[in-house]
Amino acid sequence: MGDHKFQFRLSCRYRSKKNLVANLVFEHLVDNEWVVYDPANYAAGFLILLYAVFNCQHLYFRVNAAERGLQLNSAKGTLEVEANENWEIRKLTIRFDGQLVAGIPEKDDEKYIVERMAQCPVSVNLKAVPDMQVSIGFSRPS
């Protein structure tokens, strides 16, 4: 038995200055094809754990962006995980890219939001992950 690799992605549209979710789609990679993730249909415990991590990180991303006055139109996110043969997470990479409607990110906003994302209750309860990277970015519509 070898390592396990998983990929999730999300696409979200928001409404209001509080970055409330208007439309959200979670997908995961199955046999090289992106499939909408529905916990009811994919009830494997490990996938539910990954979905919970991704969902919690997304909540902290959008809420803390709103707290900093950064109103989002939309965002795309990715989560990539590598676990060993014993299902222990060895690598976790999370990235969110938000498209802004209002607000200008100040120099310390991204750092603050990433630090707050580290306080997500699901992530706090993970064992120490040897290689964990969380990053975010913002852009304006073209």
Side-chain angles (χ1 to χ4, degrees), residues 3-142:
D3 289 348
H4 307 280
K5 295 182 181 183
F6 300 92
Q7 291 182 17
F8 277 81
R9 68 183 182 186
L10 71 77
S11 179
C12 190
R13 292 217 166 272
Y14 306 95
R15 58 183 170 81
S16 88
K17 292 181 179 181
K18 293 183 178 182
N19 295 332
L20 299 176
V21 173
N23 180 286
L24 175 64
V25 176
F26 278 98
E27 297 175 298
H28 69 125
L29 196 59
V30 179
D31 298 326
N32 294 317
E33 184 177 332
W34 288 102
V35 177
V36 172
Y37 182 77
D38 177 358
N41 292 328
Y42 300 100
F46 195 76
L47 288 179
I48 291 173
L49 171 67
L50 298 182
Y51 169 77
V53 169
F54 200 23
N55 191 39
C56 193
Q57 290 289 303
H58 177 241
L59 171 68
Y60 274 61
F61 166 71
R62 66 184 181 81
V63 167
N64 286 286
E67 180 183 300
R68 299 297 264 212
L70 303 172
Q71 184 180 352
L72 298 166
N73 175 53
S74 64
K76 296 204 179 289
T78 58
L79 175 138
E80 296 180 6
V81 172
E82 292 181 19
N84 66 17
E85 64 184 19
N86 296 317
W87 297 93
E88 296 167 321
I89 297 172
R90 293 292 171 222
K91 183 175 183 179
L92 176 64
T93 305
I94 298 170
R95 171 82 187 173
F96 289 103
D97 289 295
Q99 188 180 75
L100 294 168
V101 171
I104 298 171
E106 305 250 347
K107 187 174 184 175
D108 65 336
D109 285 338
E110 289 184 19
K111 181 180 177 199
Y112 173 82
I113 294 167
V114 169
E115 286 173 356
R116 291 293 298 137
M117 289 168 66
Q119 300 306 309
C120 153
V122 179
S123 299
V124 166
N125 281 288
L126 289 176
K127 286 187 202 178
V129 176
D131 184 359
M132 183 169 171
Q133 300 167 18
V134 178
S135 62
I136 64 172
F138 296 100
S139 64
R140 293 262 178 213
S142 343

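Everything numeric here is computed off the predicted structure, so don't read it as measured data.
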Roughly how far apart are [X] [atom1] and [Y] [atom2], rounded to 0.5 Å?
X: L59; Y: R116; atom1: CG; atom2: CZ; value: 10.5 Å
X: E115; Y: Y60; atom1: CD; atom2: OH; value: 14.0 Å
X: D97; Y: K76; atom1: CG; atom2: NZ; value: 10.0 Å
X: K18; Y: Q71; atom1: NZ; atom2: CD; value: 12.0 Å

- Query: When you look at L92 and L126, which way does the side chain to side chain contact (heavy atoms under 4.5 Å, CB included) test go after all the steps?
  - Reply: CA-CA 11 Å; L92 176 64; L126 289 176; 4.2 Å; yes
- Query: Would T78 and R9 count as having a side-chain donor-acceptor pair, cut-off 3.5 Å?
  - Reply: no
Which atoms form the tightest heavy-atom contact between [X] and [Y], and what is the distance?
X: Y14; Y: S74; value: CE1-C, 3.5 Å
X: N73; Y: R13; value: ND2-NH1, 3.2 Å
X: R95; Y: S135; value: CD-OG, 2.9 Å

- Task: Flag the pair W34 / L29 as yes when at least one side-chain heavy-atom distance between them is below 4.5 Å, and no otherwise.
- Result: yes
- Query: Under 4.5 Å between any side-chain heavy atoms of Y37 and L47, yes or no?
  - Reply: yes
Donor-acceptor pair, [X] side chain versus [Y] backbone, under 3.5 Å?
X: N55; Y: Y51; result: no
X: N86; Y: E88; result: no
X: N19; Y: R62; result: yes
X: Q57; Y: M117; result: yes

- Test side chain to side chain contact (heavy atoms under 4.5 Å, CB included) applied to S123 and V134, I94, V53, the passing residue: V53
- Stepwise side chain to side chain contact (heavy atoms under 4.5 Å, CB included) test for L72 and L100: CA-CA 4 Å; L72 298 166; L100 294 168; 3.9 Å; yes
- Verify the ring-centre separation between F54 and F96: is it less than 6.0 angstrom? yes
- Pair D3 + K5, salt bridge at N-O below 4.0 Å: no
- Task: Salt-bridge test for E82 and R90: reply yes if a basic N is under 4.0 Å from a carboxylate O, no otherwise.
- Result: no
- Item | Derivation and outcome, side chain to side chain contact (heavy atoms under 4.5 Å, CB included), residues T93 and Q7 | CA-CA 10 Å; T93 305; Q7 291 182 17; over 6 Å; no
- Task: State which residues pass side chain to side chain donor-acceptor pair (under 3.5 Å) with N23; sequence neighbours excluded, sorted by chain then number.
- Result: none
- Task: Using the six-membered ring wherever Trp is involved, compare the ring planes of F46 and F6 and label them parallel, tilted or perpendicular (cut-offs 30° and 60°).
- Result: tilted
- Message: My understanding is that only residues two or more places apart in sequence, or in another chain, count here; which of them pass side-chain contact (heavy atoms from CB on, under 4.5 Å) with L24?
- Response: L10, C12, V21, F26, H58
- Message: According to disulfide bond (SG atoms under 2.5 Å apart), who are the partners of C56, at least two apart in sequence or on a separate chain?
- Response: C120
- Query: So, is the end of the R68 side chain (NZ or CZ) under 6.0 Å from the ring centre of Y112 and within 45° of the ring's axis?
  - Reply: yes
